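Each remark here refers to the structure printed beneath this line.
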Amino acid sequence: MTDPLDVAGLQRRLADFAAARNWQQYHTPKNLTSALSVEASELVEIFQWLTPEESARVMADPDTAHRVTDEVADVLAYLLQLCEVLGIDPLAALEAKIDRNERRFPI
């Protein structure tokens with residue numbers, strides 16, 4: 001099992017998984033962003049008609065928690081694959097964005 005904090009290792013596992021199935025041909029930026037959008041929408045669907053209070057307790061129900069966890073994993077998998085294809089370091093991109101936001105929105 002890959003260390004969950006090893007983003008590059010997770011990206012390698014995803015790339016190896018796709019390569020073993022000859023799926024790299026489909027992993028274009030266009031297709032990956034489309035798939036990312038679909039998976040994010042599936043996550044939204046779980047919360048769509050919940051009240052704010054119900055949404056805060058969503059992880060208390062094991063079945064719903066499992067669905068949420070799976071959709072989060074799908075979103076992250078497609079995002080990591082997109083970053084790999086485009087040559088983006090996702091953690092560096094996030095850190096740079098946080099830095100910009102701290103300057104843009106001072107306390």
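Quantities reported herein were computed from a predicted structural model and do not represent experimental measurements.
Between atom CG of residue L32 and atom CD of residue Q81 there is a gap of 6.0 Å, rounded to the nearest 0.5 Å. Taking CG of D61 as the reference point, atom CZ of R67 lies at 9.0 Å (rounded to 0.5 Å). D74 CG to L43 CG: the interatomic distance, rounded to the nearest 0.5 Å, is 9.5 Å.
For Q11 (side chain) and L80 (main-chain N/O), a donor-acceptor pair under 3.5 Å exists by modelled atom type. The main-chain N or O of S37 is found under 3.5 Å from a side-chain atom of S41 such that the two form a donor-acceptor pair. Using a distance-only test at 3.5 Å, with no hydrogens or angles considered, no donor-acceptor pair links the side chain of E95 to the main chain of A92.
Under the 4.5 Å side-chain heavy-atom criterion for grouping Ile, Leu, Val, Met, Phe, Trp and Tyr, V72 is connected to V58 within one hydrophobic cluster. At a threshold of 4.5 Å between side-chain heavy atoms, the hydrophobic network of Ile, Leu, Val, Met, Phe, Trp and Tyr places V85 and V75 in one connected group. Hydrophobic clustering, with ILVMFWY side chains joined whenever heavy atoms are under 4.5 angstrom apart, groups L79 together with I88. L82 and V38 sit in two unconnected hydrophobic clusters of ILVMFWY residues. Membership requires side-chain heavy atoms under 4.5 Å apart, directly or through other members. There is no path of hydrophobic side-chain contacts, each under 4.5 Å, that joins L86 to L94.
Between H66 and the options T64, D63, D70, a side chain to side chain donor-acceptor pair (under 3.5 Å) holds for only D70.
H27 and N31 form no side-chain donor-acceptor contact under 3.5 Å, judged by distance and modelled atom types alone.
Between A60 and P62 the shortest heavy-atom distance is O-CD, 3.4 Å. Taking each heavy atom of W49 and E54 in turn, the nearest pair found is O-OE1, 4.2 Å.
At least one side-chain heavy atom of V7 sits less than 4.5 Å from a side-chain heavy atom of P90. Between E84 and L14 the shortest side-chain heavy-atom distance does not fall below 4.5 Å. In this structure, the side chains of C83 and D89 stay at 4.5 Å or more apart for every pair of heavy atoms. Between D6 and R12, some side-chain heavy-atom pair lies under the 4.5 Å cut-off.
Note that R21 lies in the cation-pi zone of F17, set by a 6.0 Å cut-off to the ring centre and a 45° limit from the axis.
The number of heavy atoms from other shown groups lying within 6.0 Å of CZ (F47) is above 12.
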